[in-house]
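Everything on this sheet refers to the single structure shown next.
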Amino acid sequence: MKKYLQNLLQQTLSTLRENGELPSPGHLSEHSGDTSQIPLERTRNPDHGDFATPVCLTLAKTARRKPREIAEQVVANLPASNLIERVEIAGPGFINFHIRDDAFRDQIRQILAAPDSYGNSGIGAGQRVQIEYVSANPTGPLHVGHGRGAAYGAALAALLTAIGFNVHREYYVNDAGRQMDILALSVWLRYLDLCGETVSFPAKAYQGDYIWDIAATLNREHGEKYRAAPTQEAGFPTVSEDKDPAAYSEKYLDALIAWAKNVLGESGFDFVHGLGLGALLDDIRGDLEQFGVVFEEWFSERSLVDSGAVEDVLARLRNNGYLYEKDGAWWFRSTDFGDEKDRVVIRDNGLATYFASDIAYHANKKARNFDRIIDIWGADHHGYIARVKAAMEALYQDGSDKGPSNPIVLLVQFANLYRGGELVQMSTRSGDFVTLRELRKDVGADAARFFYVMRRSDQHLDFDLDLAKSRTADNPVYYVQYAHARVCSLMEKLDGRALDWDATASLSGLDRLIESQELKLLRTLSRYPEVVESAALAYEPHQLAFFLRELATDFHAYYNAYTFLVDDATLRNARLALAMATRHVLKNGLAFLGVSAPESM
RNA sequence: GCGCCCGUAGCUCAAUUGGAUAGAGCAUCGGCCUUCGAAGCCGAGGGUUGCAGGUUCGAGUCCUGCCGGGCGCGCCA
């Protein structure tokens, strides 16, 4: 509907330009076939009709004429259309379109003809989009911060798919590096404890109970095969006093890891490492599945190290002259590309940094020739954007690759939990954080998914646990779901009253929908395809969440004002057709957000 | 200190990405259930969009400077 009007306007403007009534403003009109260039908006105020365009205001300057004068000319040349009731010029030069009610009634026909695909489109034209999200380190269970990234990424992926993009969802697994070594060490120390050894557990190691669980598995399945006594002869580091406890504890941890690798041997340590990694990945994967979040690919960081991809990108950077050695480490000259400071890619101990493998990962993404690469990161990573983009520019600045090498980075702010009006304190350091699993069990997956995307993702989110749990009108999730359930309930009631709904016949009696609540609901329904498109292209699923609440509001208002199950078959059919159309849109919209649409509650 | 993000009704947030008279939900107050699900509906009050300038037909939105808050600033990930 919107595109149709934009087309009309586009035609009209072209006509006027050809007639010399309007100047052809050079570069602006180069994409004359692109109707999305014509600004056309839904009006906020019903007095302004259904759609409005400020295009004459914009043209006024280059045309050196009064906006209203141009508007009159545009209106006079507008091709006739049976969609349009009337056209008005208002305010400084807006053109307001009043659309015929029949055009809105026709939306029902479209929805019922293809209930599952209404709102979808082919705008993406099959372009391949890689979208990476969550990507939490597999060193512990997911917490509520990861949950928001998961909900946001999944919703965005679903929306992009709906408008015709070919979406590849990916979880980057940090299965290499020191953090994973610490995890393996933590498991092993707990295991030794279970074997009866006396081991002091470092504060910097992973404290969570899940470490005990993995250690217990190791103990149950392999007995004392990996038991070793923490003796000095075996290289076990002794605890001594130190002036700088923080730095010392890190060094102590590294010494413990070295001891573990030495005592267990490469293969033994790898085994414990793999056991811990596997256990945590299984946990994360299962957790996300329960949350309705799935991926096409779990991309291993270690595979980049093993395949030599990390070395390869570093060599390329070195050959391009962007690496230099200082203080025993290798630095990437990211300041050449606008970063605040240069960044280490190889530490003085010879190990590559996380950043190094991240460069390799993004180079890998690029090599896969996606049309678009989207990274969804926690907002605390915003400092990494500049360096990753810098690295990509350094790698591909010769222009040999035309594809988009720069990722689009979308940041997700942290969510604060509130219970009983009080902020729930969380700190990852002490392991004292609320897990995603706890949140799901507490408020349910539906409420969690909806609440997470209810706000702009780049804004802080106050998550009211009590509200999410409440089964009252205050809870937006239940409010929307309830509207869906009410339609289902109506259809259930038909039999009991010896009535029926003739879907086919209903389509010829839609002109019986004349009440203000009906016309309002019809208009809202017609916005759905525009909302889906806009939410997807702007990467803003919250637009859809707001829309669904609005749609539910319109339906509830309608439901309360009129009776559906009336004896007049034509009227009944028409109203139920509208209710069913609403139901389909609610269900589809909720599905994009990962929220169920129950038939009864 | 430097960089990025934010500041909108008492609270939590929107605002078609520069459009017309800034809107919802909570909360407050007043109405509606013997009738399709009251997990609902109808109505009322509530604003100098942090402050001060600037850009233009037009600013919550853009630019500058303050004030206030968050995050980042490691050879961690």
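All values below come from the heavy atoms of this structure, side chains included, with hydrogens, waters and symmetry mates left out. In what follows, every chain begins at residue 1, and chains take the letters A, B, ... in the order their sequences are listed.
Closest to the side chain of A:E41, out of B:U16, B:G72, B:A39, is B:U16. With distances taken from any side-chain atom of A:N45 to the nucleotides B:C42, B:U17, B:U21, the minimum falls on B:U21. Of the candidates B:G19, B:C36, B:U12, B:U12 carries the atom nearest the A:R455 side chain, counting heavy atoms from C-beta on.
Among the atoms of the strands shown, none is found under 4.0 Å from any heavy atom of A:A60. Using a 4.0 Å heavy-atom criterion, one finds that A:A561 contacts no nucleic acid atom at all. Across all strands, A:F564 comes closer than 4.0 Å to base atoms (heavy-atom distances). Residue contacts shown for A:D327 include a base, since a base heavy atom lies under 4.0 Å away. Counting non-hydrogen atoms under 4.0 angstrom, A:Y479 reaches the backbone sugars and phosphates but no base. When heavy atoms are screened at a 4.0 angstrom cut-off, A:S600 is found touching base atoms of the nucleic acid. Within the nucleic acid shown, A:A386 has no heavy atom closer than 4.0 Å to any nucleic acid atom. Looking at heavy-atom distances under 4.0 Å, A:A483 makes no contact with the nucleic acid at all. Residue A:E530 is classed as having no contact, given no heavy-atom separation below 4.0 Å to the nucleic acid. Note on A:Q179: only backbone sugar-phosphate atoms sit closer than 4.0 angstrom, heavy atoms only; bases stay farther off. Base contact: A:E540 has a heavy atom under 4.0 Å from a base atom. Within the 4.0 angstrom heavy-atom criterion, base atoms lie near A:R42.
Here the CG atom belonging to A:L410 is positioned 8.5 Å from the CG atom belonging to A:D375, to the nearest 0.5 angstrom.
One cannot find a donor-acceptor pair under 3.5 Å joining the base of B:G72 and the side-chain atoms of A:H381. Residue A:D474 places no side-chain atom within donor-acceptor reach of the base of B:A27, judged by atom type and a 3.5 Å distance cut-off alone.
Between A:N96 and A:R456, the residue anchored nearer the 5' end of RNA chain B, judged by the nucleotide with its closest heavy atom, is A:R456. Looking at which nucleotide of RNA chain B each of A:G328 and A:T58 is closest to, the 5′-most match is held by A:T58.
Pairing of B:G7, defined by two Watson-Crick or G-U wobble distances under 3.5 Å, is identified with B:C67. Checking B:A15 for Watson-Crick or G-U wobble geometry (two distances, each under 3.5 Å) identifies no partner in any strand. Remark: B:C73 base-pairs with B:G1; criterion is Watson-Crick or G-U wobble with both hydrogen-bond distances under 3.5 Å. In this structure, B:U55 forms no base pair with any nucleotide, since neither Watson-Crick nor G-U wobble geometry is met with both distances under 3.5 Å. Applying the Watson-Crick and G-U wobble criteria (two distances, each under 3.5 Å), B:C32 pairs with B:G40.
Taking A:F94 as the reference, nothing meets the ring-ring contact (aromatic ring centres under 6.0 Å, His included) condition, with sequence neighbours excluded.
Rounded to whole angstrom, the span from the CG atom of A:L57 across to the P atom of B:G58 amounts to 11 Å. Distance, A:D466 CG to B:A27 P: 13 Å, rounded to whole Å. Following rounding to the nearest Å, A:K341 (NZ) and B:G72 (P) show an atom-to-atom distance of 15 Å. Taking atom CZ of residue A:R549 and atom P of nucleotide B:A14, one finds them 11 Å apart after rounding to whole Å. With rounding to whole Å, A:N416 atom CG is found 17 Å from B:C6 atom P. Here the P atom of nucleotide B:G70 and the CG atom of A:D462 are 13 Å apart, to the nearest Å. In this structure, A:D380 places its CG atom 14 Å from C1' of B:G74, rounding to the nearest Å. B:C32 atom C1' lies 16 Å from atom NE2 of A:H556, rounded to whole Å.
Stacking of A:H48 onto the six-membered ring of B:A20 is present: less than 5.5 angstrom between centres, less than 30° between planes. An aromatic stacking contact links A:F94 with the base of B:A20, defined here by ring centres under 5.5 Å apart and ring planes under 30° from parallel.
Between A:R44 and B:A20 there is a side-chain polar atom (N or O) within less than 4.0 angstrom of OP1 or OP2. A close approach under 4.0 Å does not occur between any side-chain nitrogen or oxygen of A:S489 and OP1 or OP2 of B:C36. Between A:K493 and the phosphate of B:G37, there is a side-chain N or O to OP1/OP2 separation shorter than 4.0 Å. Residue A:R347 has a polar side-chain atom (N or O) positioned under 4.0 Å from OP1 or OP2 of B:C76. Residue A:R575 places no side-chain N or O under 4.0 Å from the OP1 or OP2 atom of B:C36.
Within 6.0 Å of the CD atom in A:E311, the count of heavy atoms belonging to other residues, nucleotides or ligands does not exceed 12. When the shell of 6.0 Å around NZ of A:K587 is examined, it contains 12 or fewer heavy atoms from other residues, nucleotides or ligands.
In this entry the base of B:U17 is syn relative to its sugar, with a glycosidic angle within 90° of 0. Base orientation for B:C33: syn, the chi torsion being within 90° of 0.
For the pair A:R512 (side chain) and A:R575 (backbone), a donor-acceptor distance under 3.5 Å is absent.
Side-chain atoms of A:Y210 and A:L280, non-hydrogen and from C-beta on, do get closer than 4.5 Å to each other.
At a cut-off of 3.5 Å, with distance as the only test, a side-chain donor of A:R486 or A:H556 sits close to an acceptor on the other residue.
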